[in-house]
Amino acid sequence: KQEVTQIPAALSVPEGENLVLNCSFTDSAIYNLQWFRQDPGKGLTSLLLIQSSQREQTSGRLNASLDKSSGRSTLYIAASQPGDSATYLCAVRWETSGSRLTFGEGTQLTVNP
Amino acid sequence: AAGVIQSPRHLIKEKRETATLKCYPIPRHDTVYWYQQGPGQDPQFLISFYEKMQSDKGSIPDRFSAQQFSDYHSELNMSSLELGDSALYFCASSFGALGRSYEQYFGPGTRLTVT
């Protein structure tokens, strides 16, 4: 079964800390992987998209890496700020599952001032 | 930049009623996706359309139907509503579908409450 797992489920850090969020997936035959941010009760904001042929993508203080062979992706957030507090979701599009995204359960991040 | 538009943003219905959710994709996007996110859960894929044809189907109940129109907007029709249908319904759009790796952009969602 194709599944996406995110660890930890929740994370609380002081402002300014660098942090890593983890995403693992059970089938390495992926098209791409997207990281999203979701504020409580709000929509999904796409942060980064990594194609299966790429190893990493960067946007500002965010860096996402992809290791297909081990079924893992990480989202690195540098110099965290209170405004980064949100739930971060990882979503995978597999080669054998059409165009749908399969989401992990997310990591709820709290950055304390 | 234009984003995905969903209407209404909030909807309250009673059990056994019907509801229609609308989605307007980003201009020039030809693929629309619908996802359902229950309280405290991750989004679950329901259905998608590419060039007005159903391209993929997930865990969409038989009580639900959807279509994509000639202007590429999409509507999700939900009948015989149940309490368990209360959720946040997201529409996403992308350019291209099967065999391509384009990014999906999500709308703000429609929050459906069934009482």
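The sequence lines fix the lettering, A, B, ..., with proteins before strands; numbering per chain opens at 1.
Linking Ile, Leu, Val, Met, Phe, Trp and Tyr whenever their side-chain heavy atoms come within less than 4.5 Å puts A/L75 and A/L33 in one cluster. Both A/L19 and A/W35 belong to a common hydrophobic cluster when Ile, Leu, Val, Met, Phe, Trp and Tyr are linked at side-chain heavy-atom distances under 4.5 angstrom. Linking Ile, Leu, Val, Met, Phe, Trp and Tyr residues whenever their side-chain heavy atoms come within less than 4.5 Å leaves B/V32 and B/I5 in two separate clusters. Residue B/L11 is grouped with residue B/L83 when hydrophobic side chains (ILVMFWY) are merged at heavy-atom distances under 4.5 angstrom, including chains of intermediate members. By the criterion of side-chain heavy atoms lying less than 4.5 angstrom apart, applied directly or through intervening Ile, Leu, Val, Met, Phe, Trp or Tyr residues, A/Y88 is not grouped with B/F106; the two fall into different hydrophobic clusters.
Nearest heavy-atom pair, B/P43 versus A/L89, reported as atom, atom and distance to 0.1 Å: CD-CD1, 4.4 Å. Listed here is the closest heavy atom pair of B/Y35 and A/L101: OH-N, 3.0 Å. Of all heavy-atom pairs between B/Q104 and A/S46, the closest is O-CB, 4.3 Å. Annotation for B/F90 and A/K42: closest pair CZ-O, 3.6 Å, computed over non-hydrogen atoms. Scanning both residues, B/D42 and A/F103, for their nearest heavy atoms gives OD2-O, 3.4 Å.
For B/Q37, the part lying near chain A is the side chain, with the backbone staying farther off; criterion is any non-hydrogen pair under 4.5 Å. With a 4.5 Å cut-off on non-hydrogen atoms, A/Q34 touches chain B through its side chain but not through its backbone. For A/E95, no part lies near chain B; criterion is any non-hydrogen pair under 4.5 Å. Neither the backbone nor the side chain of A/T87 comes within less than 4.5 Å of any heavy atom in chain B.
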Between B/Y105 and A/T45, does the side-chain contact (heavy atoms from CB on, under 4.5 Å) criterion hold? Intermediate values first, please.
CA-CA 8 Å; B/Y105 295 86; A/T45 301; over 6 Å; no
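The neighbour count for B/E75 CD, taken as heavy atoms of other residues, nucleotides or ligands under 6.0 Å away, is above 12. No more than 12 heavy atoms of other residues, nucleotides or ligands shown are found within 6.0 angstrom of CG on B/D62. No more than 12 heavy atoms of other residues, nucleotides or ligands sit less than 6.0 Å from atom NZ of B/K22. More than 12 heavy atoms of other residues, nucleotides or ligands sit less than 6.0 Å from atom CD of A/Q57.
Here the straight-line distance linking atom CZ of A/R100 with atom OG of B/S59 works out to 7.5 Å at 0.5 Å rounding. Here the straight-line distance linking atom CZ of B/F45 with atom OG of A/S99 works out to 5.5 Å at 0.5 Å rounding.
Counting only heavy atoms from C-beta outward, the side chains of A/Q38 and B/L88 approach each other to under 4.5 Å.
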